[in-house]
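Order of the sequence lines sets the chain letters (A, B, ...), proteins ahead of strands, with each chain counted from 1.
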Amino acid sequence: MIPLKYLLDRKQDVIERLKVKHFDASEIVRHIEELNNLRRKTQAESDAKQAELNQISKEIGYLFKQGNKPKADELKHQTTAIKQQIQDLQQSLSDIEVKIENLLVLLPNLPHQSVPEGKGAEDNLIVRQGDIAAVPNKGLPHWDLAKKYDIIDFELGNKITGSGFPVYKGKGAKLQRALISFFLDEAIKAGFKEVIPPFLVNEESGFGTGQLPDKEGQMYFVQNDNLYLIPTAEVPVTNIFRDTILDEKDLPQKYTAYTPCFRREAGSYGKDVRGLNRLHQFDKVEIVVIEHPNRSYEQLEQMLVHAESLVQKLQLPYRIVKLCGGDMSFASALTYDIEVFSMAQNRWLEVSSVSNFETFQANRLKLRYRDTESKKNLLCHTLNGSALALPRIVAAILENNQTDRGIKVPDVLVPYTNFDIIN
RNA sequence: GGAGAGAUGGCAGAGUGGUCGAAUGCGGCGGUCUUGAAAACCGUUGUACCCGCGAGGGUACCGGGGGUUCGAAUCCCUCUCUCUCCGCCA
């Protein structure tokens, strides 16, 4: 959510920048400005009436002490009308505030200056690309390999739960565990603190990171207890810092967490959902950083380098793209995707998304730091990235490492799996 | 799940209807003293919003929401959470 003050201080700039995300904000901004003027006027009136009532109440107390009951009773009568006025003003004030809030949440985050123009994925900017020459020419897609070596059972998952909930078996299960441990260990080496958060969150947390109110349909909801299954560790981990004021010297806060992720993925179909490409439940190691606004873009680059180092160590062919305005998420100011190439599917698979949200989440979270110089509480910047999501990494490993003898396990994983071939 | 107790500022902890945004202690910050540090002493120390160029003024907030009252941290209702005991349980 864009902070109200920021928005009103630079209306024209906001409207211009949101055009990069193909969002026309002019009507909403105009409406918000109107409502805000009304809000200020209403609060001023309400405060004045309150002050008046407080004054009278003090006098009544004083008169009672003096035993001047008649005078006190006389004053009491005056308060009836004032109280009614206050109640009415308070009611309009809260109505106005709700209206402003409802409009503010409609505005996507402002894209960073460097975000390229564009409609969709085809307009993303390729930042750098690894070597894909070494990728074997042809081979089986991972869903065939999974069956051949009996390591991932999609049918069985269908029976137990439904599509998109695979069962990992034998070396397939061990490979999951190995990847999780490897990713966590690498994150810890890079200075991230490991946490295991809850896998269900309440409504406040969903709102804090921006899943609620309008991406409700993407999350599984437990009605009896009013809880949501997390779609990513970003939600519980970032919410560690909800309603928090940090010391400036405590920035950055760098966290990593492994969690399963649950996504309803309503509306997906076709080749996108084949095999491991898009699941309802999958595993991911996430990195989350709370950073000083002056350093958040530097931090974003470091996080990208960290995620990139993982695909390098796994020796997977990859590229990094900077998302264009049309392909970016609602809450992000700048996003890099890391994609690995699968020759068997002949396509790029997104395995990581690293974003800077600037103050967009922090504003909702009320996550601030105390500025040493001004002594003011200012909004932090929040960032997060996958490091990494497992399913497509597994898909790429299976597809790109297939040999006549079986699937070759990447060297860095062997200490974790204790086997070097899946056959 | 049943019974009881509780929730106050960064922390501890007083406050049971009026001058309480809240005693006191600790912590933090600034200063005096000191070669330096500690101790001691003095001062200062919550958040948000509104008005104002500013100085400054106003309003709200004592777990959340609602109520009683001229006036609520204090009384009532309700929700949430914590603790103790009992039950159940990996």
Asker: In the strands shown, is rG71(B) matched to any nucleotide by a Watson-Crick or G-U wobble pair with both distances under 3.5 Å, and which?
Answerer: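 The base-pairing partner of rG71(B), which may sit in any strand shown, does not exist here.
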Asker: Using atom P in both nucleotides, what's the gap between rC26(B) and rC76(B) to the nearest angstrom?
Answerer: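 Straight-line distance between the two P atoms is 35 Å.
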Asker: If you measure from the P atom in rG15(B) to the same atom in rC33(B), how many Å do you get, rounded?
Answerer: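 rG15(B) and rC33(B) have their P atoms separated by 41 Å.
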Asker: Which residues within residues 73-84 of chain A lie with some heavy atom under 4.0 Å of an atom in RNA chain B?
Answerer: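 Within residues 73-84 of chain A, the residues near RNA chain B are Lys76(A), Thr79(A), Lys83(A).
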Asker: On RNA chain B, check which nucleotide each of Ala44(A) and Tyr62(A) is closest to and give me the residue with the more 5' one.
Answerer: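 Between the two, 5'-proximity favours Tyr62(A).
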Asker: Could you tell me how far rC88(B) sits from rU82(B) if I compare only their P atoms? Round to whole Å.
Answerer: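 Here rU82(B) and rC88(B) have their P atoms 22 Å from each other.
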Asker: For Asn54(A) and for Ile245(A), find the nucleotide of RNA chain B with the closest heavy atom, then tell me which residue's nucleotide is more 5'.
Answerer: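 Nearer the 5' end of the strand: Ile245(A).
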Asker: Watson-Crick or G-U wobble partner for rU35(B), using a 3.5 Å limit on both distances?
Answerer: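 Checking every strand shown, rU35(B) finds no partner, since no pair has both distances under 3.5 Å.
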Asker: With a 4.5 Å heavy-atom cut-off, do Gln211(A) and Gln218(A) have their side chains touching?
Answerer: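 A side-chain contact under 4.5 Å is absent here.
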Asker: What is the distance from atom CG of Asn239(A) to atom CD of Gln361(A), rounded to the nearest 0.5 Å?
Answerer: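 Result: 8.5 Å between the selected atoms.
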Asker: Using the heavy-atom set of chain A and a strict 4.0 Å cut-off, write down the first and last nucleotide of RNA chain B that makes it in, 5' to 3'.
Answerer: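 Result: rG18(B) to rG71(B).
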Asker: Taking 4.0 angstrom as the limit, do Glu186(A) and Lys313(A) come out as a salt bridge?
Answerer: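 Yes, charged N to carboxylate O under 4.0 Å.
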Asker: Which nucleotide, in any strand shown, forms a Watson-Crick or G-U wobble pair with rU59(B), with both distances under 3.5 Å?
Answerer: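 Paired with rU59(B), as far as the under-3.5 Å criterion goes, is rA48(B).
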Asker: Determine which nucleotide pairs with rC88(B), using a 3.5 Å limit on both distances of a Watson-Crick or G-U wobble pair.
Answerer: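 In the structure as shown, rC88(B) has no Watson-Crick or wobble partner.
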Asker: Side chains of Lys171(A) and Thr417(A): is there a donor and an acceptor less than 3.5 Å apart?
Answerer: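 Lys171(A) vs Thr417(A): no donor-acceptor pair found between side chains.
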Asker: Taking only the C1' atom of each, what is the distance from rC86(B) to rC29(B) in whole angstrom?
Answerer: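 The same atom, C1', in both gives a distance of 50 Å.
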Asker: Roughly how far apart, to the nearest Å, are rG21(B) and rU78(B) at atom P?
Answerer: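 Comparing P positions in rG21(B) and rU78(B) gives a spacing of 29 Å.
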Asker: Within the 3.5 Å criterion, strictly below it, is a donor on Glu358(A) or Tyr297(A) matched to an acceptor on the partner's side chain?
Answerer: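 There is such a pair (donor and acceptor under 3.5 Å, judged by atom type) between the side chains of Glu358(A) and Tyr297(A).
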Asker: Are side-chain N/O atoms of Gln85(A) and Gln50(A) paired as donor and acceptor at under 3.5 Å?
Answerer: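 Per modelled atom types, Gln85(A) and Gln50(A) side chains form no pair under 3.5 Å.
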Asker: Across all strands shown, which nucleotide pairs with rA12(B) by Watson-Crick or G-U wobble geometry, both distances under 3.5 Å?
Answerer: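 For rA12(B), the partner nucleotide comes out as rU24(B), under the 3.5 Å rule.
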Asker: Considering only atom C1', compute the distance from rU8(B) to rU47(B) and round it to an integer number of Å.
Answerer: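 Their C1' atoms lie roughly 15 Å apart.
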Asker: With a cut-off of under 6.0 Å to the ring centre and 45° to the axis, is Arg10(A) in cation-pi contact with Tyr6(A)?
Answerer: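 Output yes; distance and angle both within limits.
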Asker: Assess Arg364(A) against Phe207(A): is NZ or CZ under 6.0 Å from the centre of the six-membered ring, and within 45 degrees of the ring's axis?
Answerer: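 Yes, a cation-pi geometry.
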Asker: Using purine N1 to pyrimidine N3 plus N6-O4 or O6-N4 for Watson-Crick, or N1-O2 and O6-N3 for G-U wobble, both under 3.5 Å, which nucleotide pairs with rU82(B)?
Answerer: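 Its partner is rA5(B) (Watson-Crick or G-U wobble, both distances under 3.5 Å).
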Asker: Looking at every strand, decide which applies to Gln50(A) at a 4.0 Å heavy-atom threshold: base, sugar-phosphate, or nothing.
Answerer: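 Gln50(A): backbone/sugar contact only, no base atoms under 4.0 Å.
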Asker: Do Asp185(A) and Tyr416(A) get their side chains close enough for a donor-acceptor pair, meaning under 3.5 Å?
Answerer: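 Short answer, yes.
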Asker: Among side-chain atoms of Gln90(A) and Ser46(A), is any donor-acceptor pair under 3.5 angstrom?
Answerer: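 A donor-acceptor contact under 3.5 Å links the two side chains.
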Asker: Please name the nucleotide paired to rC53(B) by Watson-Crick or G-U wobble geometry with both distances under 3.5 Å, or report none.
Answerer: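 Base-paired to nothing in any strand shown.
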Asker: When the C1' atoms of rU69(B) and rC77(B) are compared, how many Å lie between them, rounded to an integer?
Answerer: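 rC77(B) and rU69(B) have their C1' atoms separated by 16 Å.
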Asker: Rounding to the closest angstrom, what is the interatomic distance between rC11(B) and rG63(B) at atom P?
Answerer: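 So the two P atoms sit 13 Å from each other.
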